[in-house]
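Below is one structure, written out as structure tokens, with a few remarks after it.
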Number of protein chains: 2
Amino acid sequence: MAKTVKSEKTTYHHGDLRAALVEATRQLIEEKGIDHFSVSDACRRAGVSTAAPYKHFKNKGEMINAVMLESMDRHKHEMLAAVQPYPEGSLDRIRALGRNYVGFAQREPGIFLLRFGQNPDPHLPEVEDLGQDTYDIVQHEVAKILGEPGVTDKVKQRSFMLWSFVHGLSMLTMNPELAEKGGNLDVEELLNEIGWRVLRD
Amino acid sequence: MAKTVKSEKTTYHHGDLRAALVEATRQLIEEKGIDHFSVSDACRRAGVSTAAPYKHFKNKGEMINAVMLESMDRHKHEMLAAVQPYPEGSLDRIRALGRNYVGFAQREPGIFLLRFGQNPDPHLPEVEDLGQDTYDIVQHEVAKILGEPGVTDKVKQRSFMLWSFVHGLSMLTMNPELAEKGGNLDVEELLNEIGWRVLRD
DNA sequence: TGTCAAAGTTAGCGTCTCTTACATATGTAA
DNA sequence: TTACATATGTAAGAGACGCTAACTTTGACA
């Protein structure tokens with residue numbers, strides 16, 4: 001997570017400036033929020049001139065898109081790994097997914113809001129695909145638990161209920177002022193409660 | 001909601017420029033999002049020079065704060081009114097609150113995200129107070145339904161579960177790309193389902 | 001070794017931003 | 001009517017930003 005942005009050896013050619021810029025951009029989005037992110041800032045952090053990025057990205061938007069793709073792909077694989085340790089068809093797997101979702105939001109609120117916040121223009125197709133992949137994981141687990149033969153209407157409904165809850169929980173716990181209103185409730189306990197309540201008949 | 005921003009008579013003194021600027025700011029935040037809002041835009045919309053706002057607001061931030069206050073106050077009173085028609089202690093009142101919450105997010109996504117999105121600096125005390133007032137309404141209703149003698153730990157937990165769910169549902173349905181994954185589920189039906197599932201023993 | 005494309009830099013254009021100092025118009029109250 | 005406080009306009013400062021053109025350094029390969 002704390003990747004190097006500026007290489008020690010100060011050679012003319014950076015080596016992998018593209019990756020360094022993506023990482024710098026990601027860090028800055030986390031630190032200042034997307035609305036205060038500037039290309040110049042990313043350049044300063046990566047230790048290159050303000051013109052350098054344009055050898056790797058068409059414009060500012062493409063830098064941000066690159067960060068979003070990298071981050072969502074990482075999240076997808078995190079979710080797959082989170083489920084792994086628990087037996088198929090168990091509620092533990094659902095809980096693990098919820099725990100990871102909330103954890104991701106807390107670790108990377110900037111990216112989380114970038115993905116789900118207000119954006120005038122629609123996302124890249126690749127972003128939507130990654131989002132769908134990730135949601136498929138949830139729907140698959142829900143179907144297993146409910147004993148449904150695939151993504152039926154019932155599975156869709158329960159999955160969306162779970163997503164809504166976990167998403168809201170993420171947003172609220174991201175903001176200390178708001179989380180406080182929950183009265184220091186344990187996230188783990190809330191996930192436990194919601195799991196069986198939503199998935200029971 | 002579609003308030004006049006520029007008065008027809010073009011007198012030197014506007015009459016109520018402050019209110020006009022607040023409304024222009026609110027509209028622009030809805031249209032372009034907070035990160036693309038500029039004082040100049042608000043001035044253009046209100047039909048005054050770019051220096052005019054500084055007789056009414058200390059700076060840009062105070063304009064935005066004014067909008068937030070106005071909007072949250074309105075939301076609080078909407079919530080109070082939403083509950084009114086239904087008998088005390090009934091689940092209908094909870095559902096009405098949820099319906100209004102989601103509705104507000106859909107009608108005014110810009111303000112909704114401004115309130116709940118990523119902001120480096122904490123909100124005004126007045127904003128927090130209004131938020132608390134609104135949440136108190138929910139906790140009060142939950143206590144009534146559960147037959148608890150006030151805001152007990154149980155009331156806190158269930159209220160926060162409801163809030164999380166409704167908040168997540170708001171965020172997801174605000175974004176057409178994401179709402180689609182719910183498979184055109186009826187919000188009303190989701191609120192019904194969640195209500196009893198969360199509040200039952 | 002010589003050539004060339006790739007990956008940097010320097011310099012700057014054009015635009016937008018927030019904000020202020022100062023001039024001007026207007027309404028009000030004596 | 002006159003004086004004055006209030007509300008607005010004009011003009012401009014000071015700075016950030018995105019992006020481009022043109023130049024320079026570097027590494028790889030014939």
Side-chain angles (χ1 to χ4, degrees), chain A residues 4-68 110 114 119-121, chain B residues 4-29 31-68 110 114 119-121 124:
Chain A
T4 305
V5 154
K6 191 173 183 178
S7 62
E8 298 299 335
K9 290 210 64 171
T10 168
T11 59
Y12 192 92
H13 279 29
H14 185 287
D16 195 356
L17 181 54
R18 191 195 144 92
L21 283 171
V22 168
E23 175 58 16
T25 300
R26 196 192 62 75
Q27 287 179 9
L28 286 165
I29 289 175
E30 290 304 332
E31 290 168 23
K32 311 208 212 176
I34 186 63
D35 45 336
H36 293 112
F37 164 74
S38 74
V39 177
S40 328
D41 272 343
C43 293
R44 275 187 279 275
R45 179 152 303 192
V48 295
S49 74
T50 60
Y54 297 91
K55 290 283 192 279
H56 300 273
F57 305 94
K58 197 179 150 208
N59 52 34
K60 178 182 180 178
E62 287 212 349
M63 289 177 68
I64 295 171
N65 280 338
V67 170
M68 184 122 84
L114 179 58
N119 35 5
D121 23 59
Chain B
T4 305
V5 155
K6 190 175 183 178
S7 62
E8 297 298 335
K9 288 210 64 171
T10 167
T11 59
Y12 191 91
H13 279 29
H14 184 286
D16 195 355
L17 180 56
R18 191 194 144 92
L21 282 171
V22 169
E23 174 59 15
T25 300
R26 197 192 60 76
Q27 287 178 11
L28 287 165
I29 289 175
E31 290 168 24
K32 313 209 212 174
I34 186 62
D35 46 335
H36 293 113
F37 164 73
S38 74
V39 176
S40 329
D41 272 343
C43 293
R44 275 187 278 276
R45 178 152 304 192
V48 295
S49 75
T50 61
Y54 295 89
K55 288 287 188 280
H56 300 272
F57 304 94
K58 197 178 150 207
N59 53 34
K60 178 182 181 178
E62 287 213 348
M63 290 177 68
I64 295 171
N65 279 339
V67 170
M68 185 122 86
L114 179 58
N119 34 8
D121 22 59
L124 289 177

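Worth knowing before you read on, the calculation uses all heavy atoms, side chains too, and leaves out hydrogens, waters and symmetry mates. Chain identifiers are assigned alphabetically (A, B, ...) following the order of the sequence lines, protein sequences preceding nucleic acid strands; residue numbering begins at 1 within each chain.
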Self-check item: Five-pair end axes of the helix from C:dT1-D:dA30 to C:dA30-D:dT1 and the angle they enclose, rounded to 10°
Solution: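 Result, rounded to 10 degrees: 10°.
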May I ask you to evaluate whether B:H56 reaches the phosphate of D:dT8, defined as a side-chain N or O under 4.0 Å from OP1 or OP2?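 True: B:H56 side-chain N/O within range (under 4.0 Å) of D:dT8 OP1/OP2.
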What I want to find out is whether A:E23 reaches A:R18 closely enough, with some N-O distance under 4.0 Å, to be called a salt bridge.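 Salt bridge: no.
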Query raised in the report: So, A:E31 and A:R26, do they make that salt bridge, N to O below 4.0 Å?
Result: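 Looking at A:E31 and A:R26, the cut-off is not met.
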Using atom [atom1] of [X] as one end and atom [atom2] of [N] as the other, report the distance to the nearest whole Å.
X     : N      : atom1 : atom2 : answer
A:D35 : C:dT17 : CG    : C1'   : 15 Å
B:L21 : C:dC18 : CG    : P     : 13 Å
A:R18 : C:dA6  : CZ    : P     : 16 Å
B:K55 : C:dT19 : NZ    : P     : 14 Å

Take B:F57 and B:V39 through the test side chain to side chain contact (heavy atoms under 4.5 Å, CB included) and record every step on the way to the result. CA-CA 11 Å; B:F57 304 94; B:V39 176; over 6 Å; no
- request: Check A:A24 against A:A42 and note the closest heavy-atom contact, atom names and distance.
  value: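 Closest approach of A:A24 to A:A42, heavy atoms only: CB-O, 3.9 Å.
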**Message:** So A:A52, base contact, sugar-phosphate only, or nothing? Heavy-atom distance under 4.0 Å.
**Reply:**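 The answer is base, as A:A52 lies within the cut-off (heavy atoms under 4.0 Å) of a base atom.
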What protein N or O atoms touch nucleotides 14-20 of chain D N or O atoms at under 3.5 angstrom, if any, and at what distances?
residue, atom, partner, partner atom, Å
D:dC17, OP1, A:S38, OG, 3.1
D:dC17, OP2, A:R44, NH2, 3.4
D:dG18, OP1, A:V39, N, 3.3
D:dG18, OP1, A:K60, NZ, 3.0
D:dG18, OP2, A:V39, N, 3.1
D:dG18, OP2, A:S40, OG, 3.3
D:dC19, OP2, A:Y54, OH, 3.0
D:dC19, OP2, A:K60, N, 3.0

### Task
Could you list all the salt bridge (Lys or Arg N to Asp or Glu O under 4.0 Å) pairs where at least one residue sits in residues 33-42 of chain A, not counting sequence neighbours?
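Output for this query lists A:K32-A:D41, A:D41-A:R44.
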| query | What distance do B:H56 atom NE2 and B:E62 atom CD have between them, rounded to the nearest 0.5 Å? | reply |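 Between B:H56 NE2 and B:E62 CD, I get 13.0 Å after rounding to 0.5 Å.
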Note to self: Please enumerate all residues that pass side-chain contact (heavy atoms from CB on, under 4.5 Å) together with A:I64, with sequence neighbours excluded.
What the structure shows: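 Only A:I34, A:F37, A:K60, A:L114 meet the side-chain contact (heavy atoms from CB on, under 4.5 Å) criterion with A:I64.
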Practice prompt. Check side-chain contact (heavy atoms from CB on, under 4.5 Å) between B:A19 and all other residues, then give those that pass, not counting sequence neighbours.
Written response: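 So B:A19 forms a side-chain contact (heavy atoms from CB on, under 4.5 Å) with B:D16.
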